[in-house]
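This report refers to the structure that appears directly beneath it.
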Amino acid sequence: MKILITGGAGFIGSHLAQLCLERGDEVYIIDDLSTGSMDNIRFLMEDDRYRNRLFVTIDTILNHEVMLELTGTCDWVFHLAAAVGVRLILEKPLESIRINIQGTEKVLELCNKFKKKVLIASTSEVYGKHLHAPLVETDNIIYGPSSKFRWSYAASKLMDEFTALAYYRTHDLKVIITRLFNTVGPRQTGAYGMVIPRFVTQALRNEPITVYGDGSQTRTFTYVKDVVSALVGLMEAENAAGEVFNVGGIEEIAIAELARRIVAMTGSTSVITLIPYEKAFGKDFEDMLRRVPSIEKIHRLIGYEPKTDLDEILRQVIQSIREKA
Ligand code: UDP
């Protein structure tokens with residue numbers, strides 16, 4: 001199988017590329033290295049087993065000619081290229097909205113032209129500020145006002161979902177939508193705000209751990225290798241097209257508790273500090289207080305179950321950040 005991965009030099013994209021190469025696929029990556037990095041894929045490019053099966057293009061997905069060629073060449077398209085991370089969205093709102101909306105439209109337009117099966121990586125952010133759990137794919141969505149820019153990320157990804165579903169309804173394009181719940185693992189950087197690599201790095205340096213708000217907000221973390229297996233599983237499935245699937249973990253944890261666990265597991269002398277949201281992100285910020293997926297739908301279709309629990313995820317991340325230090 002020839003597989004195009006947009007954002008293939010990113011954190012999740014690089015793990016997906018690795019899985020596809022291990023499966024024996026031919027892998028085409030396009031990445032503009034905005035948040036992705038050659039460091040994420042160098043080990044794949046230098047691996048003799050993959051030398052003739054891995055092709056990397058450094059360019060934007062908005063480049064029509066390049067995307068035309070790549071989409072025409074491949075059988076499946078995994079569209080992961082996007083502006084990600086709350087901090088990045090707040091710092092570069094216009095670029096983020098543009099790449100998320102125009103980029104996805106471009107990918108869908110070309111997949112439709114060549115009738116290629118495509119998976120769109122959406123996000124649990126799309127649900128907005130619910131307090132109930134678990135979140136089911138058919139739940140309503142609740143956002144704050146447009147003055148609070150955090151929601152621009154959710155709204156842009158929701159627009160991607162609508163566009164994808166419209167292609168499915170109008171042109172019968174085989175498109176699958178996945179809502180990813182806080183994917184974590186080796187190679188994820190804390191530079192764009194992601195909490196686990198940030199806390200682990202702080203803990204390993206014995207620096208203060210920066211818990212935003214009062215730390216009672218919760219998340220459900222998912223190991224990246226579980227996520228990429230699920231993405232491939234959905235592409236292989238017969239009845240996934242035109243559907244939205246949560247891809248997530250099981251253990252809900254409060255961020256303050258996460259900080260305590262990371263301090264304990266690293267043997268750090270770090271002090272846990274509470275930082276008001278306003279100080280971390282400015283006054284127009286609001287957080288999602290709870291985020292737990294229902295994974296019943298994806299379990300029913302492809303038997304998905306997260307195999308890696310939070311302690312094992314933390315062990316893996318701690319080890320990989322230790323090795324890099
Ligand atoms: N968070 C935190 N300290 C940090 C980074 C993040 O307390 O240094 C919190 C953040 O406010 C959120 C949770 O950790 O409640 C997860 O944040 P992340 O940016 O990883 O993902 P998302 O907000 O998209 O779930």
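Quick caveat, the model's predicted, so the values are computed rather than measured. The figures that follow rest on heavy atoms only: side chains count, while hydrogens, waters and symmetry mates do not. Order of appearance sets the numbers: ligands from 1, and atoms from 1 within every ligand.
The single protein non-hydrogen atom nearest to atom 9 (C) of ligand 1 is Gln217 NE2, 3.9 Å, given as residue, atom name and distance. Remark: minimum distance from atom 8 (O) of ligand 1 to any protein heavy atom is reached at Arg198 NE, 2.7 Å. Atom 7 (O) of ligand 1 has its closest protein heavy atom at Tyr212 N, 2.7 Å. Looking at atom 13 (C) of ligand 1, its nearest protein heavy atom turns out to be Ile255 CD1, 3.7 Å. The nearest protein atom to atom 10 (C) of ligand 1, hydrogens excluded, is given as Asp287 OD2, 3.9 Å; this is a heavy-atom distance. Protein heavy atom in closest approach to atom 19 (O) of ligand 1: Gly193 O, 3.3 Å. What sits closest to atom 3 (N) of ligand 1 on the protein, heavy atoms only, is Thr210 O, 2.6 Å.
Of the listed residues (Thr123, Val195, Asn182), the one carrying the non-hydrogen atom nearest atom 21 (O) of ligand 1 is Asn182. For atom 23 (O) of ligand 1, the nearest non-hydrogen atom from the set Arg150, Arg291, Glu125 comes from Arg150.
Counted by atom type alone, Ser122 and Glu161 present one or more donor-acceptor pairs between their side chains at under 3.5 Å. For the residue pair Arg187 / Ser14, a side-chain donor-acceptor distance below 3.5 Å is found, with atom types taken as modelled. Counting only N and O atoms by type, the side chains of Glu286 and Trp151 include a donor and acceptor under 3.5 Å apart. Using modelled atom types and a 3.5 Å distance limit, the side chains of Asp32 and Thr60 yield no donor-acceptor pair. When only modelled atom types and interatomic distance are considered, His132 and Asp139 share a side-chain donor-acceptor pair under 3.5 Å.
A cation-pi contact, defined as under 6.0 Å to the ring centre and within 45° of the axis, is absent between Arg150 and Phe281.
With a 4.0 Å cut-off on non-hydrogen atoms, Arg219 touches ligand 1 through its side chain and not its backbone.
In this structure, Tyr277 counts as a contact residue of ligand 1, since one of its heavy atoms falls inside 4.0 Å of the ligand.
Partner of Tyr28 under the ring pair (Phe, Tyr, Trp, His ring centres under 6.0 Å) criterion, chosen from Phe55, Trp76, Phe78: Phe55.
Applying the 4.0 Å criterion to heavy atoms of Phe199 picks out, from ligand 1, the atoms 2 (C), 3 (N), 4 (C), 7 (O), 8 (O). Each of the atoms 7 (O) of ligand 1 lies under 4.0 Å from some heavy atom of Val211.
Aromatic rings of Phe245 and Tyr304 (six-membered ring for Trp) have centroids beyond the 6.0 Å cut-off, not under it.
Salt bridge status for Glu251 with Arg219: absent, with no side-chain N to carboxylate O gap under 4.0 Å.
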